Every structure is written in structure tokens, then in C-alpha cells.
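Whatever order the structure lists them in is the order used to number ligands and atoms, beginning at 1. It should be emphasised that the depicted structure is a prediction, and the values quoted were computed from it without experimental measurement.
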Amino acid sequence: MHTPAGFVPAHAMPAVIPGTTLAFAYSDAKLLVRGSEAAPMVPTLAELAAAGVDGVRHYLGELAGVPCVAIVLTNDAGAPAGFRFSGLRALFFRIPEPLVALGARAFQVVEWDRTHRYCGRCGTATRDKGGERAKECPACGYVAYPRVSPAMMALVTRGRNLLLARSHRFPHGMYSALAGFVEPGETIEDCVRREVKEEVGVDVGTLTYFASQSWAFPHSLMIAYTAEYAGGELVPDGTEIADVRWFAADALPDMPPSLSIARRLIDATAARLRAT
Ligand SMILES: [Zn+2]
């Protein structure tokens, strides 16, 4: 996910917020939508008000001139008549892609609100800080921003072959690129070299940046690279990685869906290697 075209982000709530404002209201990890299963819609503030639904609001900005807010509902909130709660992933391809992206953005803001109600340093109740998306502690001054966790993805190449691995968590038969979270003190490139070595036992040489993707489950920023094999034998780590193999660029296994940066990385790299 990414910033949709035509979206202007902002954090200061306007003095007047119209009823046409799009409202991304979350209870736990579920978004409140109206309409049928096949044709869900993101409700407006006026529609939520008519249904008696509201909660703590955070302003997100404007999408093509339409204001957008994130709303924090209680985790046991029930859906009013004509509405239902839906996981965001179930809405992919059912609501317009810009709204999926804003739904993911809203979820991260809601999750940050819910997990930063008290100061992590002294335990005092926090308050929203003026001028930026942050919460501050009135007692000790500690400031907490929404958390974004950088993670690397690496597709290791060797000639016309790609290194793909199976996690124990994957559906049967599915392989993907390697991934892992950045640790304190590391650059993203350090992280690629460490994770590849830890997960499958090989060393990599030249790294080439591919793309990045925001991933709201719960707050990752995935930064993807291709990495040239430089040495070592394949040894899966046995805990995270169930199997790892070299695949020819024209004979690839089952892979993640095209929505994922993993699939885009693999498809683009395989196409490049097939053309060499
Ligand atoms: Zn404090």
C-alpha cells in the first residue's frame, strides 16, 4: 500500500467537518462498512451519525477534496443495522484501491491511538499533541509517534535462478522471497545481509533497490531488494524457514498474490532474468 493519487495528508482536524467526510471506523482490527458483502462501501460521517456511531477521531487528510477521518471504536462495539465489520483484506478488489490504502493508513493511526493511551515512561494518561501526529505526556513530556517498523525483503539471484523459501506459516506449496525486521543499529542493507545469512545460510553481494510497500498488519514498511548470490551452501534455519530452493526463472512454484510486493519483486526479477 502507498499514498493514493489525489490524497493530501494532514493531521489538524478542520474547524468544520462536513457530513460527506469518509469515516474509517475500526473496532479491534475490523473496519465498519455498509452495503452488501459483494458491494461494501466506506460510510460517511453523516451515515455514522444517523446510526449513532462515533468515537475518538483522527484527521487523515483529503482524497480528491473529500475529507477523511479515522475513528477509534471500542473493541466490543456492535455494528448497527445496515452496517457490518470487515477485515481490510476482505475488502481488497471490492472497494476502490485508494480507499483500501486509506483504510490501511487509518488502521495504523487507530492502532497507535489505542496502544499509546498512557505514557510508556511514567504511566500518566497521554494527550494529543498540537501541530503533529503525536501523543505527549503532560507529566514528563515524553512524545510518542505512530510506530512504523522497517523490514527488508530480499530476492537472491544466481545466474538465471531465484532463491525462494517456504515459511512454516505459508499455504502448502507456496514459496516467496526472504523477509525480516530491521534491528536497532542496522542499515537496511545490513539487515538484508544478516537475514539472508541467518535464514538460509548464504552470503550476498550487490544489492539493488526494487521498491517499498506500507503494510498495515500492523505497522510495517517493507523495503525490497534483489541480492546477488556471493557464496555459501543453502541451509534453512529450521525455525522460520521450512524449505529453500533455487528455482529457474521460467519454472517458478506457487507464489504470493500479485497484490504483494513479494510477487511484484519476483515477477519483475524473473522477467529480467528470462530476458538475459
Ligand atoms: Zn510520562
Side-chain angles (χ1 to χ4, degrees), residues 1-4 7-17 21-32 42 45 48-49 52-63 67-79 85 87-89 100-152 179-191 194-195 212-223:
M1 274 160 283
H2 56 99
T3 303
F7 179 69
V8 180
H11 49 76
M13 187 72 75
V16 178
I17 188 96
T21 297
L22 287 172
F24 297 86
Y26 278 92
S27 172
D28 203 353
K30 302 281 178 111
L31 179 65
L32 188 63
V42 175
L45 270 185
L48 288 193
V53 176
D54 207 352
V56 172
R57 296 176 181 178
H58 290 279
Y59 192 62
L60 298 175
E62 287 189 353
L63 178 63
C68 301
V69 294
I71 299 183
V72 186
L73 303 177
T74 57
N75 278 0
D76 56 358
F85 284 106
L88 190 62
R89 272 178 265 212
V100 173
L102 290 181
R105 181 180 289 244
F107 174 69
Q108 293 180 75
V109 172
V110 165
E111 190 61 13
W112 161 73
D113 182 278
R114 285 195 290 230
T115 54
H116 292 80
R117 288 180 179 166
Y118 297 93
C119 175
R121 184 193 278 154
C122 78
T124 303
T126 56
R127 63 187 176 203
D128 288 341
K129 187 172 185 292
E132 54 186 341
R133 176 113 47 223
K135 287 180 180 290
E136 65 182 349
C137 173
C140 76
Y142 180 75
V143 176
Y145 297 92
R147 188 150 54 120
V148 177
S149 301
M152 74 86 207
F181 284 103
V182 176
E183 293 188 349
E186 282 185 331
T187 64
I188 190 79
E189 292 82 5
D190 292 337
C191 177
R194 176 184 53 77
E195 285 279 354
S212 67
Q213 181 181 50
S214 170
W215 194 243
F217 310 106
H219 43 65
S220 306
L221 174 65
M222 186 66 82
I223 304 162

Could I get the full list of ring pair (Phe, Tyr, Trp, His ring centres under 6.0 Å) partners for F107, not counting sequence neighbours?
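Ring pair (Phe, Tyr, Trp, His ring centres under 6.0 Å) check on F107 returns Y26.
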Who are the ring pair (Phe, Tyr, Trp, His ring centres under 6.0 Å) partners of H219, not counting sequence neighbours?
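Checked H219 against ring pair (Phe, Tyr, Trp, His ring centres under 6.0 Å); zero matches.
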Under 3.5 Å donor-acceptor, S27 side chain and K30 backbone
no
Without hydrogens or angle criteria, can the side chains of T115 and R147 be said to hold a donor-acceptor pair below 3.5 Å?
no
Please list, in chain and residue-number order, the protein N/O/S atoms closer than 2.8 Å to the Zn ion (ligand 1).
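Result, waters dropped: C119 SG, C122 SG, C137 SG, C140 SG.
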Strictly below 4.0 Å, N to O, side chains only: are R133 and D128 in salt-bridge contact?
no
Taking only residues two or more places apart in sequence or in another chain, which ones pass side-chain hydrogen bond (donor to acceptor under 3.5 Å, both in side chains) with E136?
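Per chain and number, E136 pairs via side-chain hydrogen bond (donor to acceptor under 3.5 Å, both in side chains) with R127.
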